[in-house]
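Computed from a predicted structure; not experimentally measured. Protein chains get the first letters and strands the later ones, always in sequence-line order, with residue 1 at the start of each.
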Number of protein chains: 2
Amino acid sequence: MRIRPGGQVTLADVARESGVSPATASRALHGGGGRVVGQDLRERIVEVARRLHYVPNAHAQALAGGSTATVGLVVHDITDPYFAAIARGVIAVAAERGALVTVGTTFRSMERELEFVRTFRAQRADAIVLAGSGFEDADYRAAMREELDHQRRTGGGCAVVSEHDLPVPTVLPGNREGAAGLGRALVAMGHRRFAVAGGPPCLTTVRHRIEGFLDALAACGVPLCDVELLDHPFSEDGGRAAARELLDRGSRATALFCVSDVMALGALDVLAAAGVAVPDDLSVVGYNDVPMMRRLVPAVSTVRLDLEAMGRSAMELAVDHGSADAPVVRFPAEVVLRASTAPPAAVPAREGGR
Amino acid sequence: MRIRPGGQVTLADVARESGVSPATASRALHGGGGRVVGQDLRERIVEVARRLHYVPNAHAQALAGGSTATVGLVVHDITDPYFAAIARGVIAVAAERGALVTVGTTFRSMERELEFVRTFRAQRADAIVLAGSGFEDADYRAAMREELDHQRRTGGGCAVVSEHDLPVPTVLPGNREGAAGLGRALVAMGHRRFAVAGGPPCLTTVRHRIEGFLDALAACGVPLCDVELLDHPFSEDGGRAAARELLDRGSRATALFCVSDVMALGALDVLAAAGVAVPDDLSVVGYNDVPMMRRLVPAVSTVRLDLEAMGRSAMELAVDHGSADAPVVRFPAEVVLRASTAPPAAVPAREGGR
DNA sequence: CTGTTAGCGCATTCAA
DNA sequence: TTGAATGCGCTAACAG
């Protein structure tokens, strides 16, 4: 970025122009230190500041010991409605507390994620919130742990959303349980052959959802060897790729579990283009219940998470907890069955199934 | 926010521990000033810094004359896909240039918008981008003009998306033309009686779209007194309210123009619940072509704007232009007719209409 | 190549 | 109530 030339109006300018000392100007403008400035004097100073368009230098203020009133939020992709909803919650609480939110977008890169945390630490953010899924990587985890550790040790707050396996305040969405509930619901409907469109297993969220789903199937007596695992990016395009793979390999699955709504969106696109009828030929489910899912035709079955509340909770945990404790707040997941799921054609809705 | 207790590891600590001067440590760690530090010495210092978990204080760096590599982005609502798309463009370009983006969410309050700009100025942001519509308010405009003026005068960049009538770099989406094209298309289809679900006319974007639409209708000979103006908030809920008003007053309109897709979404919800068939009973159109519109059933006719490109362009304008010039980059709007629009039932698709 | 000196703009001790 | 002095952590001159 460009170097900024001088030309700023400083507190000293305001003080000189008002005929007072910088200290007095500072007190008049920001009322610090419990000290009070004479009514008329203050008014005069404020007036001069306005006339000069004085804007305090936030860096100087921070450096001189004041608070930065800044919160760093790390997300994978701000255009993903999942993160948008969480961000909304975080921003709302931050606003209530007079803090500004800085959003860092990592596009799912571990290096970038660490880099953002370091940058936020450099900015001395009052709190750092990690909204994205953690990675299944020992080095990453150790590095992140150290960063957050120091963040807290130096008086800053932090919180993570999703399982990161880090000793910091954590907001835990029901991933295993929700996916398990979905699995049971599908089995109860009569499905026996499944495909799972999963993101990369290095994402903890992905792994948990898949495990929860498979565990439930196994518990219901479904042979897991019949489950096709489609491993693709955790994105709309990834969903598209998964659906294409499904089609290409001539899958016999009657139900497709996409580990996120966004992936389901992509998959549905490809399926529609290929003439696959949902749910008649194939039932499709997603995860998160972002607002769009209920409006599609057919409306998409999914698992509801109160994303905005999770964001709010994360922000609150981040600012309200010292380095001592690391509370965990769990958010329940609720299976929402809609029109994109139906008993498989081969197994009419006969009672009892099997 | 909480005050941050001390405990930070400083450059001085690293220097002392390494047995060198702070200046040397600074150079070794950040390689500034063209000066070079001896290979082995540097390595030792870097090692010490790592061991101590040294994180430079960004405020001190900024204060001492370095760049802040920070960009402030002001939006009305980050969960609105319109802004999410623009933000994505802004973030992408900022990332290319090594800058971090700070997002401020105003929820359409003029005061908050000004407050964010002041805050970004206080943070000495390298650039400030206003992504939301401007307001039709002389005081607001004058205040914003002064703020941005000073931002630029002090070496910072800035840019606005949408008509703000400010002498700064501007990205202009086709609002009047797009809305006019929509109006003509609807008239060509045979529609004569219209309703317009508009946001508050104090938003410049809203006013331009409505004016463009009405002008086109007038040019086509449609009596404007037959156009019902529904004035509601510029949001999904506003769209809902507009549709309810339409229903309540027993409107005879055959086509509903919603000034944004998000409003159209809300309106469609209410219409569906009320049993109004789209497009058979009522044609509905939106604006912006956010990704969801093409997936709804019926797919929604709208006006396409390349939002992400607009965001990219704004960011580029902001950093590449000094206070001298204020270029205007126009982005074309393209009418996209889909299934939510059809000739009105009363006027079968007879050639020529009228 | 490295150390020394001097501020960046502000809030906050202290003294008056 | 106000003013003077100090230092936050760092970088950018200058010397050496």
Take the protein atom [atom1] of [X] and the nucleotide atom [atom2] of [N], then report the distance between them rounded to whole Å.
X: A:Leu41; N: D:dT1; atom1: CG; atom2: C1'; value: 9 Å
X: A:Leu29; N: C:dC10; atom1: CG; atom2: P; value: 9 Å
X: B:Leu11; N: D:dC8; atom1: CG; atom2: P; value: 13 Å
X: A:Arg42; N: D:dT1; atom1: CZ; atom2: P; value: 11 Å
X: B:Asn57; N: C:dC8; atom1: CG; atom2: P; value: 18 Å
X: A:Arg44; N: D:dT2; atom1: CZ; atom2: C1'; value: 12 Å
X: A:Asp40; N: D:dT1; atom1: CG; atom2: P; value: 12 Å
X: B:Leu63; N: D:dC8; atom1: CG; atom2: P; value: 13 Å

Using only atom types and a distance under 3.5 Å, with no angle test, would you say the side chain of B:Asp126 pairs donor to acceptor with the backbone of B:Ala69?
yes
Sub-3.5 Å donor-acceptor pair from the side chain of B:Asp80 to the main-chain atoms of B:Tyr82, do we have one?
yes
Between [options], which one does the side chain of [X] approach most closely?
X: A:Arg27; options: D:dC10, D:dG3, C:dC10; answer: D:dG3
X: B:His30; options: C:dG9, D:dT11, D:dA12; answer: D:dT11
X: B:Tyr54; options: D:dT11, C:dC10, D:dC10; answer: D:dC10
X: A:Ala64; options: C:dG9, D:dT11, C:dT2; answer: C:dG9

Report the residues that fulfil side-chain hydrogen bond (donor to acceptor under 3.5 Å, both in side chains) with B:His164, sequence neighbours left out, ordered by chain and then residue number.
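If we apply the side-chain hydrogen bond (donor to acceptor under 3.5 Å, both in side chains) test to B:His164, skipping adjacent residues, there are no hits.
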Run A:Glu147 and A:Gln151 through side-chain hydrogen bond (donor to acceptor under 3.5 Å, both in side chains) and show every step you take.
CA-CA 6 Å; A:Glu147 292 295 340; A:Gln151 162 73 4; over 6 Å; no
With a cut-off of less than 4.0 Å, is there a side-chain N or O of [X] near OP1 or OP2 of [N]?
X: A:Gln61; N: C:dC10; value: no
X: B:Ser26; N: D:dC10; value: no
X: A:Ser21; N: D:dT2; value: no

Any idea how A:His76 and A:Phe83 line up, ring-wise: parallel (<30°), tilted (30 to 60°), or perpendicular (>60°)?
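It falls in the perpendicular class, over 60°.
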Take A:Asp77 and B:Arg88 through the salt bridge (Lys or Arg N to Asp or Glu O under 4.0 Å) test and state the conclusion after the steps.
CA-CA 8 Å; A:Asp77 180 358; B:Arg88 185 179 244 262; 2.7 Å; yes
Touch class at under 4.0 angstrom, heavy-atom based, for B:Pro56 against every strand present:
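Sugar-phosphate, no base atom in range.
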Over 12 foreign heavy atoms within 6.0 Å of CZ, A:Arg141:
yes
Per the end-axis method with five pairs at each terminus, what is the bend angle of the helix from C:dC1-D:dG16 to C:dA16-D:dT1, to 10°?
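Roughly 40°, once rounded to the nearest ten degrees.
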Taking for B:Ala60 and for B:Ala25 the nucleotide of DNA chain C with the nearest heavy atom, the one nearer the 5' end belongs to B:Ala25
